[in-house]
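Shown next, in structure tokens, is the structure this report addresses.
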Amino acid sequence: MIQLCSNDDPPVSFTVPRKAVELSKTIKTMLEDLEGFDMEQTPIPLPNVDAPTLELIVKWVEQHQDDPPPVEKPRVEDDDSDDSDADDDQEPEVVIPEWDKKFLPTDDEQKNQLFKLLNAANYLEIKPLLDIGCKYVADKISGQTVEWVRDYLNMENDYTPEEEAKLKEEIAWAEGL
Amino acid sequence: MFGHRKASTSSNGQHQRNGSGSGNGHSFEPSSSSSLMVNRSQLKRNGLQPNKRPRTDFLEKLNIYRSWLAEFDDDEKNVFIRELLSHSGTSQIHLLSSLLEPRLHQDCPPNCQDPFASVPAPIALLILGYLDPASLCKCARVCRLWRRYANEPYLWKKLCRTPRSYRLSCAAAEKKHLEQFTDCDGVVLWKEAFSERYRLWRNWYAGRCVVRTFEGHTQGISCVQFDADRIVSGSSDNTIRLWDIRTNCGLGTMTLTGHSATVRCLRLDGNRLASGSNDFTIKVWDLSVNPTWSSIACRQTMIGHTNFVRCLQMDCEKIVSGSYDRVLKVWNIENGQCYGTLTGHNEAVLCLQYDGDKVVSGSADNAIKAWDLRSGQCVMTLHNAHQNAVTCLQFDSDRIVSGSLDR
């Protein structure tokens with residue numbers, strides 16, 4: 001078992017099976033680097049993750065600890081060359097499993113929690129969690145109006161009306177079908 | 001630092017004489033313009049060491065820069081600041097950091113520190129990567145930051161490579177299309193390339209088109225060919241007409257006369273046009289010839305078939321033709337000589353295609369035959385490929401697709 005500590009004061013600690021914790025590439029690498037030390041006794045501080053978020057992370061990794069490991073594909077460098085061989089080398093489509101759909105903090109009041117979770121998944125390099133979370137947000141955004149997206153993302157419209165009009169014209173090709 | 005504090009107690013800046021007592025102080029007397037005076041006090045406020053007298057030309061330059069900034073819009077100011085940053089040393093960066101520290105996020109929207117609003121770029125890009133093109137464009141309209149994310153070429157490259165959607169007909173067509181969107185440094189403008197493809201795709205599936213009518217033939221039209229600039233049509237009025245796709249002019253730009261019966265088949269390749277006719281002949285035309293001399297546009301007439309010429313294909317050396325006389329003929333395009341006759345069909349040859357030395361033909365005898373051009377022999381026959389005449393076909397490396405009057 002491994003202990004993880006949140007960044008709260010005082011820190012909240014969670015005890016997680018090593019197998020589950022290793023879904024985080026960041027922690028897995030760290031544990032490998034510290035091979036030989038008794039990590040069971042050493043809590044790992046996570047300076048970027050607060051307790052509610054860490055709780056979610058722990059819940060997710062425990063649920064998914066027995067998943068078959070994702071197939072690692074060598075990352076193709078984006079060199080802008082016309083490598084037509086790689087043409088159809090697409091990542092498989094991300095499908096959010098039922099359990100995860102219920103797990104993700106998807107209520108509108110939980111927006112910030114959702115994004116804290118994505119940030120943490122990014123920091124801890126838990127790619128499958130990051131993928132489904134981003135896919136969820138993308139599904140939520142797609143097909144919505146600009147105003148809706150802006151509101152959802154808590155973004156301020158920093159365009160001048162002229163810029164907005166120009167931009168609208170620039171991307172008119174993508175409007176409607 | 002120490003010098004600065006000492007000076008600020010001794011002066012409020014207006015008529016500061018520098019301590020070194022050099023005789024050049026008069027160049028900063030009130031005789032110089034008042035704007036310069038203001039500048040000096042400003043300079044001190046902005047941290048110029050008071051005991052260091054600014055060079056005259058520095059003040060002038062500073063003024064020039066001020067007038068520039070007054071003209072710059074926001075984007076230009078941002079460019080300017082980037083430019084300044086790239087020319088800054090550690091001392092300037094340190095100054096910037098300490099100046100900016102208390103001002104960070106001062107004028108930002110209240111939620112700018114919101115975990116949701118400050119989505120790190122990798123997460124934002126991951127989200128945008130799951131979006132369809134229309135939603136991606138909408139995200140560009142959300143705010144400047146998201147516009148920067150949404151313009152990321154990698155996202156558009158990914159869309160360009162989505163299997164099945166927004167694809168052009170074949171890899172070669174896509175390659176050619178991408179070349180148009182590659183700048184002189186070899187950088188592909190993925191977003192622009194995609195938007196063009198998307199437009200094509202959308203128009204195609206929405207059936208969106210402009211109908212333009214070209215009128216001029218006096219009898220029915222039996223065949224057409226086209227390229228990017230023009231349409232060529234063959235008609236039962238024995239003529240071939242050329243039409244300009246670019247102009248809305250409904251009048252033919254050129255009329256080729258010479259055949260004495262219906263023009264039944266055409267092939268256009270650059271400026272070379274081949275036509276087969278019910279007058280049993282094939283003609284090769286040079287379209288680069290001055291349109292007013294249309295009579296000499298015909299370069300070659302191939303005589304040999306003993307019935308209507310129904311189908312043909314050409315390359316830069318030869319023409320292969322099929323005729324109601326039941327044979328296919330191979331012609332030298334330069335001298336017009338027939339150097340091969342493929343016999344075997346029991347009825348009119350209605351369609352053909354060749355690729356390299358391989359020829360496939362379809363006939364009114366319901367059969368499809370494959371031929372080897374080197375030997376002139378039929379290498380394969382599909383008897384009763386259809387229950388009626390085979391009128392059209394296409395083949396590639398592993399299949400033949402054919403159409404027939406048997407429906």
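Chain letters run A, B, ... following the sequence lines, proteins first, then strands; residues in each count from 1. Quantities reported herein were computed from a predicted structural model and do not represent experimental measurements.
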Problem set entry | Value rounded to 0.5 Å, distance of SG in B:Cys143 from CG in A:Asn154 | 11.0 Å
Exercise. Got a sec, which residues hit side-chain hydrogen bond (donor to acceptor under 3.5 Å, both in side chains) with A:Asn7, two or more places apart in sequence or on another chain?
Worked result: none
Problem set entry | Flag, side chain of B:Arg141 to backbone of A:Ile171, donor-acceptor distance under 3.5 Å | no
Seminar exercise, completed: So CG of A:Asp131 and OH of B:Tyr130: to nearest 0.5 Å the spacing works out to 3.5 Å
Seminar exercise, completed: Rounded to the nearest 0.5 angstrom, the OG-CG distance for A:Ser142 and B:Leu136 is 11.0 Å
Exercise. Between A:Glu170, A:Glu147, A:Gln144, which has the largest tally of heavy atom pairs under 4.5 Å with chain B?
Worked result: A:Gln144
Problem set entry | Neighbour count >12 (heavy atoms, 6.0 Å) for atom CD, A:Glu32 | yes
Seminar exercise, completed: Taken to the nearest 0.5 Å, the spacing of B:Cys139 SG from A:Leu153 CG works out to 6.5 Å
Exercise. Side chain, backbone, both or neither: which part of B:Cys160 has a heavy atom under 4.5 Å from chain A?
Worked result: neither
Exercise. B:Val142 pairs by side-chain contact (heavy atoms from CB on, under 4.5 Å) with which of A:Asp158, A:Asn157, A:Val149?
Worked result: A:Val149
Exercise. Among B:Asp74, B:Leu131, B:Ile123, who wins on heavy-atom pairs under 4.5 Å with chain A?
Worked result: B:Ile123
Problem set entry | Exceeds 12 heavy-atom contacts within 6.0 angstrom, atom CH2 of A:Trp99 | yes
Problem set entry | Inter-residue atom distance A:Met155.CE - B:Leu145.CG, 0.5 Å rounding | 5.0 Å
Exercise. Is the NZ atom of B:Lys77 crowded by more than 12 outside heavy atoms at less than 6.0 Å?
Worked result: yes
For this session: Using a cut-off of 6.0 Å, state whether more than 12 heavy atoms not belonging to B:Phe226 lie near its atom CZ.
Result: no
Problem set entry | Interatomic spacing from OH in A:Tyr159 to CZ in B:Arg147 - rounded to 0.5 Å | 5.0 Å
Exercise. Looking at residues at least two apart in the chain, or sitting in another chain, which of them share a salt bridge (charged side-chain N to carboxylate O under 4.0 Å, His left out) with A:Glu163?
Worked result: B:Arg144
